[in-house]
Amino acid sequence: MIPGFHPRLFDSLRGYNRSRLLQDVSAGLTVGVVALPLAMAFAIASGVKPENGIFTAIIAGFLISALGGSKVQIGGPAGAFIVIIYGIIERYGLANLLICTIMAGVLLFAMGLFKLGNLIRFIPVPIVIGFTNGIAVLIALSQIKDFFGLPINTMPADFFAKLRVLAEHGLAADLPTLSIGLASLLLVIVWPKSYRPQDANYKRWLTKVPGTIVALVLATLFVASSGLEVETIGQRFGGIPQALPSFALPHFSWGLVKQLVAPTLTIALLCAIESLLCARVADNLINASHKDRHDPNQELMAQGVANFIAPFFGGIPATGTIARTVTNVRSGATSPIAGIVHALTLLLIILLAAPLAYDVPLATLAAILLYVAWNMGEWREFVRLRKFSLPYGTVLVSTFLLTVIFDLTVAVEVGLVLASLFFIYRVSNLTTIERVTLSESDANAVSQDMVAVYRVYGSLFFGAVTKLENLFAPHSTLPKVVILDLHQTISIDTTGLEALAGLHHQLHAQGAHLVLCGLNKQPGSIIRRGGLVQEIGPDHVCVTLEEAYGLAHTLVDRGRP
């Protein structure tokens with residue numbers, strides 16, 4: 001057994017009973033049905049065949065549930081990956097996408113194995129909101145072609161190129177296709193609100209059927225029976241194979257790997273962020289105790305295994321999916337068995353009902369994705385920006401715009417740099433150095449010009465050392481003793497240590513002394529390890545300010561004639 005590799009499935013089966021099994025089977029069946037249209041829609045929008053999405057949901061969904069660190073998370077193809085996958089396919093091709101996904105799986109497993117799961121939480125909230133909203137905009141933009149039935153052969157991946165192509169063909173919308181799309185979108189939105197819980201039993205049952213399924217079934221039946229001329233899955237892809245996916249080994253070479261580093265990192269990063277965010281949402285939904293909360297490192301290892309294996313069967317990148325996880329929890333899931341049943345349900349649908357997908361109109365799948373994109377984005381955050389600080393808004397808007405205009409990798413990189421700079425600026429502003437007025441008895445004993453006491457508040461790090469370096473002008477006359485009271489200093493880095501050493505050298509050059517007092521654990525540790533204590537003398541490091549005063553009197557008296 002690999003160290004730390006302990007799936008939650010093992011824990012969930014302890015004390016498992018028939019009642020819980022029935023709940024999990026019921027939830028798994030529900031999620032499996034819900035996942036079918038989403039898997040097809042995500043695959044088509046990503047530029048691959050619908051069966052690629054379904055195979056991903058089956059294989060990756062099974063592995064993520066069986067091996068993952070969350071009890072109820074459902075894995076599979078996700079809307080967040082649509083624009084990423086589409087861009088990679090357009091630039092590198094489908095075969096290289098599969099290689100990117102395999103390498104991302106290895107990277108994810110390594111992240112979990114070396115316990116880097118908690119580091120994902122260091123990504124600031126405005127960055128997550130910014131790129132999520134950006135991806136939602138790109139998903140919606142990518143579906144306009146199929147929703148309106150525009151005669152566009154291939155949609156470019158570049159944002160401005162998409163806008164240009166859509167503007168050129170904007171007046172060529174197909175009325176039957178648009179009608180199907182609008183009706184499907186309206187049905188998806190209205191269906192869950194059409195009935196009340198206090199209505200008759202059959203109406204209450206109907207409220208549990210997702211609007212996406214209702215729209216998919218009704219639109220398919222209407223197109224099949226009416227002979228309406230709209231583009232369907234069968235016309236574009238030739239239907240869905242009624243068989244299990246076959247194993248295929250993609251071509252691999254180290255020369256190719258070097259070209260695929262950037263897309264691999266993008267897939268791995270997005271998968272890690274999405275899966276762990278989804279797992280946290282699942283914990284909140286089930287009111288998880290400390291024992292039942294997800295294990296982030298185990299979850300990353302499971303995501304790694306799933307993304308490593310799925311591409312050998314034509315699968316695309318997979319991660320935790322919030323919509324299906326929420327459906328799973330609300331359907332009564334109590335363990336990973338529900339996720340396993342969800343994957344088996346999709347497999348059963350493929351084996352028994354694949355030919356029925358031939359008449360599924362692409363406009364309906366586009367309508368479903370438009371609905372997903374709307375619910376995916378946190379649009380209220382843009383309205384609330386005026387309530388937050390300028391740095392928060394700058395990071396969020398910058399990440400959003402860079403995601404839309406360039407890509408996710410650039411957006412996250414720039415967002416992290418901006419967030420780090422703003423954090424450094426805020427912390428440096430919190431760091432202050434104030435001169436302490438000597439007490440009356442101390443003032444009578446020594447002159448203020450002979451002994452100067454300064455208290456350092458905050459963190460003495462590279463962003464704030466100028467405040468210490470500018471304490472005395474280069475050619476000014478210095479006090480005989482400078483006391484730095486550091487009991488309010490929470491941390492010092494190596495740059496801060498160098499600044500302290502520089503102050504000591506400046507004082508020593510004029511025959512003056514530096515005395516430190518009130519060292520906390522971290523500052524004391526780095527000052528001792530850095531050799532500054534030996535340089536200024538161990539007796540110049542005091543425990544209290546009173547002790548430092550006494551030493552200062554001694555040093556001043558010693559220097560008098």
Exercise for the section: Measure the CD-NZ distance between E381 and K387 for me, rounded to the nearest 0.5 Å. Expected result: 10.0 Å
Handout entry: Any donor-acceptor pair under 3.5 Å from S225 side chain to F222 backbone
Key = yes
Exercise for the section: Could you please spell out the steps behind the ring pair (Phe, Tyr, Trp, His ring centres under 6.0 Å) verdict for F400 and F382? Expected result: CA-CA 10 Å; F400 169 75; F382 289 120; 5.0 Å; yes
Exercise for the section: Please tell me if the side chains of M40 and I54 come closer than 4.5 Å, counting only heavy atoms from C-beta onward. Expected result: yes
Exercise for the section: Taking all non-hydrogen atoms of both residues into account, name the closest pair between L276 and G117 and its distance. Expected result: CD1-O, 3.4 Å
Handout entry: Heavy-atom side-chain proximity of T399 to V128 below 4.5 angstrom
Key = no
Handout entry: Side chain proximity check, I64 to E299, heavy atoms < 4.5 angstrom
Key = yes
Problem - Gap between atom OG of S331 and atom NE2 of H342 - 0.5 Å precision - result: 12.0 Å
Exercise for the section: Without swapping roles, check the side chain of T364 against the backbone of V360 for a donor-acceptor pair under 3.5 Å. Expected result: no
Problem - From CZ (F131) to CG (L396), nearest 0.5 Å - result: 11.0 Å
Practice task
For R324 and N328, run side-chain contact (heavy atoms from CB on, under 4.5 Å): C-alpha distance rounded to whole Å, both residues' side-chain angles, the deciding distance at 0.1 Å, then the answer.
Solution key: CA-CA 6 Å; R324 276 159 276 174; N328 190 40; over 6 Å; no
Fill in the blank from the handout: Residue pairs meeting salt bridge (charged side-chain N to carboxylate O under 4.0 Å, His left out), one or both in residues 42-66, sequence neighbours left out, come to none
Problem - Nearest heavy-atom neighbours spanning P77 and I316 - result: CB-CD1, 4.1 Å
Handout entry: Parallel, tilted or perpendicular: rings of F247 and F312 (30°, 60°)
Key = parallel
Handout entry: Note, S142 side chain near M155 side chain (heavy atom, < 4.5 Å)
Key = no
Fill in the blank from the handout: Rounding to 0.5 Å, atoms CG (L94) and CG (L98) come to a distance of 5.0 Å
Exercise for the section: Give the C-alpha distance, both sets of side-chain angles, the deciding distance and a yes or no for side-chain contact (heavy atoms from CB on, under 4.5 Å) between F406 and L401. Expected result: CA-CA 8 Å; F406 294 100; L401 292 176; over 6 Å; no
Handout entry: S65 vs Q73 side-chain heavy atoms within contact, under 4.5 Å
Key = no
Problem - Straight-line distance of I267 CD1 to F81 CZ, nearest 0.5 Å - result: 6.5 Å
Handout entry: 4.5 Å side-chain heavy-atom contact, L362 and T232
Key = no
Problem - side-chain contact (heavy atoms from CB on, under 4.5 Å) partner of L29, chosen from V34, T345, L344 - result: T345
Problem - Heavy-atom check, side chain of I309 versus side chain of F62, under 4.5 Å - result: no
Exercise for the section: Check whether any side-chain heavy atom of D146 lies under 4.5 Å from a side-chain heavy atom of L365, and answer yes or no. Expected result: no
Exercise for the section: Examine distances only and state if a side-chain atom of E274 and a backbone atom of T319 form a donor-acceptor pair shorter than 3.5 Å. Expected result: no
Fill in the blank from the handout: Sequence neighbours excluded, the answer for salt bridge (charged side-chain N to carboxylate O under 4.0 Å, His left out) partners of E231 is R236
Problem - Distance in Å, L265 CG paired with T409 OG1, rounded so as to fall on 0.5 Å steps - result: 7.5 Å
Practice task
State whether a side-chain donor-acceptor pair under 3.5 Å links Y371 with Q143.
Solution key: no
Problem - Check: T334/D24 side-chain N/O donor and acceptor closer than 3.5 Å - result: yes
Exercise for the section: Would you confirm whether T321, through its side chain, and I74, through its main-chain N or O, come within 3.5 Å as a donor-acceptor pair? Expected result: yes
Practice task
Report the C-alpha separation of L260 and Y92 in whole Å, then their side-chain angles, then the decisive distance to 0.1 Å, and conclude whether the side-chain contact (heavy atoms from CB on, under 4.5 Å) test is met.
Solution key: CA-CA 8 Å; L260 302 177; Y92 300 101; 3.6 Å; yes
Practice task
May I ask you to decide if A215's main-chain N or O and W191's side chain share a donor-acceptor pair within less than 3.5 Å?
Solution key: no
